[in-house]
Novice: 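Here's a structure for you.
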Amino acid sequence: MVEGGATAHQEDTRAGWSDSAARAVLQLMVESVAEMVGFEVAALSVVLDGNLATMAYTGPEEFRDYLSASDPVTVLDPVLARAESWGRFRFLAAEDYDAATLEGHWMVVAEEQADVPDAWHPMDVLVGLLTDDDGRLVGAMSVDRPVSGRRPDPAQRRLLERYAAQAERAVVTAFEREELVQQVAHSEAARRLIRSASMPAQASLQAVLDHTHGPLVEGFGAAGSWIQVLDPESGGVGYARTHEGDVVTLSDRMIDLAHGLAPRLWEAQQVLVVAEGVEPSLSAKSGAGPLLEEARRQIAELGLASAMAVPLGAGAECLGFLVLSRRAQDPPWSSVEIGSALQIGYDLGAALMTVLALERERGLVRELQQLDDYRSQLIATLSHELRTPLTVISGNLELLGDLDLDEAARHYQVAMTRGSTRMQKVVDDLLLLARVSDPQHPLVRVPVDLHAVSRTTVDLLASSALAKGLDLRLQCAPDPLLVPGDPAELDRLLTNLVSNAVKYTPSGGTVTVAVERRGDDAVLAVADDGMGISEEDQVGLFRPFFRTTNPDALREPGTGLGLTIVATIVDRHAGEVRVRSRPGEGTTFTVTLPAG
Ligand code: ADP
């Protein structure tokens, strides 16, 4: 008898069988044959990848060892060449062949010939060939060591034939089931991979298109894949690739075809299989007849045998078209695969929906960014343009002031000087804001002593505080407090906060500037007991050109840009600014900056 074991490359396939119920059925089969027909040894092998792999065995334990060896199906050839045909079984009598011609793991499981008429010879071979509906060999059932010691009589042969027929059915069914299980496993694996490919981490349209090809062609055993995105805003991107990943250029007619078929399929919630001899499932009333004809032509032109077209969508919207193709030698699309493909249409559709929305959002952010850049640039250019004529005006007004003017003329000159000074302040603030907001102008950090900057600021503003009858105090340690940053910007930050406190605190008040280190941070607090800021005003405080509704505050000259500059500088230094205030009681601005 012959036995084949599994080789390493068969392990995967056989593993599928080992835990299947099919294997138990086959075991029962060999045990029945042995018992009912009267053989001590019976074995059943199935053909996997051109090799015979034993799935069931009954007989003495010592022969089980042979099962681990492997034999190609061709091991049966010498037997088939000479054996006598008994229906499915082939009987090769010991006297009809030379044992040396047999290759592979033919076992001699009986040592002695019984002393009976028509005795079974240890070298006799009796093997049943199990084939599928197309006559392809799917397995072999061999028996040995008849209990009677004799070669099978006609009654036993009939019984053997009956068991072989049953075994054949069992093997074919098991193969079909196994194939089905594997198809499900493959298409499920494809689904899982597609889901992971569409995770937000890599959520760009390109990434989804790139990552889904592999799982799709592998999972479906396809010759190639084509995904066409129908989104008009992204320009209808599409990629067709061969199994190996080479890009295939598709004709405009193919792309038109996708646009024609996909929405119809999505509406019908259908997968379309286009192949020679397969009646297309898309209903005729959808008006897709000419499209289907065209699809057939295109598939043939690409040298393919069949294609499965899957609409991709979410909700009512059809977003794309997926096509998987197969060649002539590949199996037809099974109903499991078609069902799985429709599911993938939903998964991939949802993924496309997400990435398209994200891409649109990104586009919008880019546009807004561009608009913002343009606005900053416009402001910067305008401010530059205004600066020169303003300097000329201010210079001439100053010269005018030196002249001996009559009272009315002097009055005009003073008003114009006030106006031009204010304009100059706005232009200067705008220029500074444009500079600190410009992404092309990165922050260059150097260690800046915040204690020293605070001292300088307080010294500079001391005279205006004094003139207003304010008590301006500084609380800071004598040793340096280093902060990595731009010295000019940090100086400006302090000046704006302290000058606001001086400006918005009535005579007799106190302004305190306190700087200290707290853990890894430098904390700067500018506190006053001035007019304070209402809660509503606190909300818009850092917006450009924000001016309060408080009439007392409005009396003070200002551009409404000072706090915007503060917030922008703090932001550039990875810090934080907070305001705490109560109308009539005072205001404290607290800035926290990472210290060096
Ligand atoms: P401005 O040039 O008007 O001072 P800012 O941006 O510096 O512009 O300030 C915006 C507004 O915030 C001011 O008009 C003022 O109403 C309010 N403000 C700022 N600092 C204080 C403060 N220390 N006390 C009260 N109000 C303040």
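These numbers come from the heavy atoms of this one structure, side chains and all, not from hydrogens, waters or symmetry mates. One-based numbering, in listed order, for ligands and for the atoms of each.
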Novice: Is the centre of the Phe321 ring less than 6.0 Å from the centre of the Trp226 ring?
Specialist: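 Ring centres of Trp226 and Phe321 closer than 6.0 Å.
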Novice: For Gln269, enumerate each residue passing the side-chain hydrogen bond (donor to acceptor under 3.5 Å, both in side chains) test, keeping only those at least two apart in sequence or located in another chain.
Specialist: Tyr346
Novice: Are Glu359 and Arg362 ion-paired here, with the side-chain N under 4.0 Å from a carboxylate O?
Specialist: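 The answer is yes: the pair qualifies as a salt bridge.
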Novice: So if I only count non-hydrogen atoms and take anything under 4.0 Å from ligand 1, which residues does that give, chain by chain?
Specialist: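 Only Asn500, Ala501, Lys503, Tyr504, Asp528, Gly532, Ile533, Leu541, Phe546, Arg547, Thr548, Ala553, Gly558, Thr559, Gly560, Leu561, Gly562, Leu563, Thr587, Phe589 have heavy atoms that fall under 4.0 Å of ligand 1, ordered by chain and number.
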Novice: With sequence neighbours excluded, give me every side chain to side chain donor-acceptor pair (under 3.5 Å) pair touching residues 386-403.
Specialist: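 Counting only pairs at least two positions apart or across chains, the side chain to side chain donor-acceptor pair (under 3.5 Å) contacts touching residues 386-403 are Ser394-Gln424.
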Novice: State whether the number of non-hydrogen atoms from other residues, nucleotides or ligands found under 6.0 Å of His259 atom NE2 is greater than 12.
Specialist: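 Enclosed: over 12 neighbouring heavy atoms sit under 6.0 Å from NE2 of His259.
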Novice: Taking side-chain hydrogen bond (donor to acceptor under 3.5 Å, both in side chains) as the test, write out the residues that go with Ser454, two or more places apart.
Specialist: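 Counting only residues at least two positions away or on another chain, Ser454 forms no side-chain hydrogen bond (donor to acceptor under 3.5 Å, both in side chains).
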